[in-house]
Amino acid sequence: MNRSIPFPPSHRATRAVPRIPVAATLAAAALLSACGGSGNGVAFVPQPSVPAPAPAPAAATPLNCEQMAKLSVPASAIALATGGAKVTAATLVPAGGKAPKSHGEYCQLSAEIAPVDPAAPPIKLTLLLPTEWNRKAMMYGGGGYDGSIPVVAGNVPAGPVDALDPVGRGYAVFGSDSGHDATTDPANLGAFALNTEALRNFSFEALKKTRDAAVFLIEQRYAQRPQRSYFAGGSSGGREALAVVQKWPTDFNGAIVLYPAFNAASLDLQFGRITRALAQPGAYPSLAKRGALFDAAMQACDALDGVKDGLIGNQNACNQRFDPATALLDGKPLRCPGGADTADDCLSDAQIAAFKVIDTPAVFNYPLGSGENQYPGFNAWGAEFGRSGIGQTTVAYLGLGAQPPASPMPAFAPFHSNFWDQWVRFFVTKNPAFDSLTLDPENPGPWQARIAELTQLQDINQADLSAFAANGGKLLMAHGTADQLVSTRATDQYFNRVRATMGAERVKGFMRYYQIPGYAHAVGTVFNASWDSLSALENWVEKDAAPTTPIVADTAGVPGRTRPLCDYPAWPKYKGSGDVNLAASFSCVNE
């Protein structure tokens, strides 16, 4: 059985969604990967750490690209325990590209950070060092289970298609594979978690190790440290952005946080609950049935923001009003006659029950190490679970896949089902043959202690960001209301916790959170977001110019359509007149 699973794009958000054959998608995006580990089966052992190092002395004079190829990074330059690092390749890349995606000359470094445990994989990183440096650094997060180095020459999550990428702006840009290689064992993409050090690296420690090694190399190249440093990531990369802000609040001056899977282990448990529901007899909906649900939700909810424009702008109202059991589609009940599975344009009672599981929270009847007691439901009414039509191949795969969950888990089962299956077999039970459908995430029995342990490691949910704010740090966070893989409601909860902990006025001084109507998980066909978040972050950090209702553009559903980014919990309401495709025709309201 092939268990290869791609993961959704992280910072490499797709603009116009192509028709990608599923096989090609798997081959190109199999980054939910794993590598062999020690398989020692021990409980978490804290990795030995050294005191935070004093800033390493910069080179007396800048080094050229050829000289950088010979460098090593001493273990003492990295705050967490490693075997040090070394540059493995250095290539001088000439200026190139085409406007607006042109770039100047830069030195591309490949490096490896050696583990402490000889059975653990190294952390591999790429660092781009522009010859004309702007004295800033940008770190990219990954996606899914990581396992590959982000495309550091590309843009930030949902970055504008008509502007320079960070390397083109003169940033030193870097990212890592988080400490394992996705291509090592594509049939067992979570197997890296069998090694304790690799698991901790993936969970968050590789972030600090990568940053410290990169900053050391930047100092050697330019004979000075970065004046400003930023982090950008989406999905797991968004979680990583919150991790660096929470755990090392003085390392970065700002972060771009898109659709963050911050409470990752709790999300895995919700994935398990949904997977088990979809595995029930008759519960798995076909592509046509998913399209019927989407159309019914659009017919019921599109106008709740004041205008029928192909977007659900008032998602909360839709969540409260829409019920697939009583909804209409083209004037007829969405529920199949008698609740039986009679046609492709209706939902059976079993399918309705499964969708209601997606819409409702997972409640954990036992203590988790992270303190979480639930994971909220998803905005199921309007989410892109997959439909027929152009651009739907990838969307459908990230939605509910092409095969129902089963044991062993099919390669084309829902993305979240494969994610759950990997987590259960390699993170929780450490038994590759374990049947993940037999583990009840709300009542896990003998696996309760291990799950509690994993949540303490993987849920990045600290709500007090005082140290980051005191250091002048700024956060821009956004999440699409049609996300089918990370619940927008979870991000709502995190932002509300931060405000409850620190006070709304204080939070307003360093953090913004926006919901993007119709935006799915990184890629979709209803509204693909394009937003110059990096310029907004730079202006806030460097010029003390806080964002004031930024504009986000669509690149897929109606290319060029714009909407205001409203400060949560506000949403964009049509003013009653004006072009429905222009942000100026909408105002942000809290009704």
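Note that the numbering runs from 1 along the sequence shown for the chain.
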Handout entry: Partner set under side-chain hydrogen bond (donor to acceptor under 3.5 Å, both in side chains) for Arg321, not counting sequence neighbours
Key = none

Show every donor-acceptor pair shorter than 3.5 Å between a side-chain atom in residues 506-513 and any protein atom, with sequence neighbours excluded, or say none if there are none.
residue : atom : partner : partner atom : Å
Arg506  : NH1  : Ser466  : OG           : 3.2
Arg512  : NH1  : Lys508  : O            : 2.4
Tyr513  : OH   : Asp492  : OD1          : 2.6

Exercise for the section: Could you check whether the rings of Tyr397 and Phe412 sit parallel, tilted or perpendicular, using 30° and 60° as the cut-offs? Expected result: perpendicular

Practice task
May I ask you to decide if Ala553's main-chain N or O and Thr562's side chain share a donor-acceptor pair within less than 3.5 Å?
Solution key: no

Problem - Closest non-hydrogen atom pair, Leu485 against Phe378 - result: C-CE2, 3.5 Å

Practice task
Answer yes or no: is there a side-chain heavy-atom contact under 4.5 Å between Val156 and Tyr230?
Solution key: no

Practice task
Locate the shortest heavy-atom distance separating Thr549 from Pro564; write the atom from each residue and the value.
Solution key: CG2-CB, 3.7 Å

Exercise for the section: Verify, without hydrogens or angle tests, whether Asp459 (side chain) and Gln456 (backbone) share a donor-acceptor contact under 3.5 angstrom. Expected result: no

Problem - Considering all heavy atoms, the nearest Gly254-Leu537 contact - result: C-CD2, 3.8 Å

Exercise for the section: Enter the distance from Cys301:SG to Phe322:CZ here, rounded to the nearest 0.5 Å. Expected result: 6.5 Å

Exercise for the section: Determine whether Asn581 and Asp309 make a side-chain contact, defined as any pair of heavy atoms from C-beta on separated by less than 4.5 Å. Expected result: no

Exercise for the section: State, yes or no, whether a side-chain contact exists between Leu269 and Phe364 at a heavy-atom distance under 4.5 Å. Expected result: yes

Practice task
May I ask you to decide if Thr481's main-chain N or O and Asn379's side chain share a donor-acceptor pair within less than 3.5 Å?
Solution key: yes

Handout entry: Expected output: side-chain Glu372 to main-chain Asn263 donor-acceptor under 3.5 Å
Key = no

Problem - Main-chain N/O of Ala411 paired with Asn418 side-chain donor or acceptor, under 3.5 Å - result: yes

Problem - Minimum side-chain heavy-atom gap Lys289-Cys336 below 4.5 Å - result: yes

Exercise for the section: Mind listing the closest non-hydrogen atom pair of Ala261 and Ser236 along with its distance? Expected result: CB-N, 4.4 Å

Problem - Reported OG-to-CG distance for the pair Ser407 and Leu437, which is rounded to 0.5 angstrom - result: 6.0 Å

Exercise for the section: Using distance alone, with no hydrogens and no angle criterion, decide if Gln374 and Gln493 have a side-chain donor and acceptor under 3.5 Å apart. Expected result: yes

Practice task
Test side-chain hydrogen bond (donor to acceptor under 3.5 Å, both in side chains) on Asp341 and Ser348 and set out the steps.
Solution key: CA-CA 5 Å; Asp341 193 352; Ser348 70; 4.8 Å; no

Problem - More than 12 heavy atoms from other groups under 6.0 Å of CD on Gln246 - result: yes

Practice task
Please answer whether the main-chain N or O of His521 pairs with a side-chain N or O of Gln484 as donor and acceptor at a distance below 3.5 Å.
Solution key: yes

Handout entry: Euclidean distance, Arg335 CZ relative to Thr342 OG1, rounded to 0.5 Å
Key = 10.0 Å

Practice task
Please answer whether the main-chain N or O of Asn461 pairs with a side-chain N or O of Tyr494 as donor and acceptor at a distance below 3.5 Å.
Solution key: no

Handout entry: Lys356 with Asp323: basic N within carboxylate O range, under 4.0 Å
Key = yes

Exercise for the section: Flag this pair as yes if the NZ/CZ of Arg387 is under 6.0 angstrom from the six-membered ring centre of Phe294 and inside a 45 degree cone about the axis; otherwise no. Expected result: yes

Problem - Euclidean distance, Arg561 CZ relative to Leu582 CG, rounded to 0.5 Å - result: 11.5 Å

Practice task
May I ask you to test the Pro260-Thr491 pair for a side-chain heavy-atom distance under 4.5 Å?
Solution key: yes

Problem - Distance-minimising heavy-atom pair for Cys566 and Tyr514 - result: O-CD2, 3.3 Å

Exercise for the section: Report the distance from atom CG of Asn496 to atom OG1 of Thr501, rounding to the nearest 0.5 Å. Expected result: 10.5 Å

Handout entry: 4.5 Å side-chain heavy-atom contact, Val552 and Tyr519
Key = no

Practice task
Would you kindly say whether Asn443 and Asn365 are connected by a side-chain donor-acceptor distance under 3.5 Å?
Solution key: yes

Handout entry: Whether over 12 other heavy atoms sit under 6.0 Å from Lys332 NZ
Key = no

Exercise for the section: Begin from the C-alpha positions of Thr438 and Asp435 and carry the test side-chain hydrogen bond (donor to acceptor under 3.5 Å, both in side chains) through to its verdict. Expected result: CA-CA 6 Å; Thr438 66; Asp435 179 359; 5.0 Å; no

Handout entry: Pro547 vs Leu476 side-chain heavy atoms within contact, under 4.5 Å
Key = yes

Problem - Pro376 versus Gln270, closest heavy-atom pair with distance - result: O-NE2, 3.1 Å

Handout entry: Residues Asp464, Met502; criterion side chain to side chain contact (heavy atoms under 4.5 Å, CB included); working and verdict
Key = CA-CA 6 Å; Asp464 187 351; Met502 301 181 63; 4.2 Å; yes

Fill in the blank from the handout: Output for pair (Asp359 CG, Asn319 CG), nearest 0.5 Å, gives 6.5 Å

Handout entry: From Leu439, Asp440, Leu454, Val424, residue fulfilling side chain to side chain contact (heavy atoms under 4.5 Å, CB included) relative to Trp447
Key = Leu439

Practice task
Using the six-membered ring of Phe586, assess whether NZ or CZ of Arg563 lies under 6.0 Å from its centre and within 45 degrees of the ring axis.
Solution key: yes

Handout entry: Side-chain touch Thr488/Gln315, heavy atoms, less than 4.5 angstrom
Key = no

Handout entry: Exam field: side chain Ser585 to backbone Val580, donor-acceptor pair closer than 3.5 Å
Key = no

Exercise for the section: Could you check Phe202, Trp420, Trp423, Phe415 and say which one makes a ring-ring contact (aromatic ring centres under 6.0 Å, His included) with Tyr145? Expected result: Phe202

Practice task
Kindly say whether Val486 contributes a backbone atom to a donor-acceptor pair with the side chain of His479 at under 3.5 angstrom?
Solution key: yes

Handout entry: Check: Asp268 side chain, Phe419 main-chain N or O, donor-acceptor pair, under 3.5 Å
Key = no

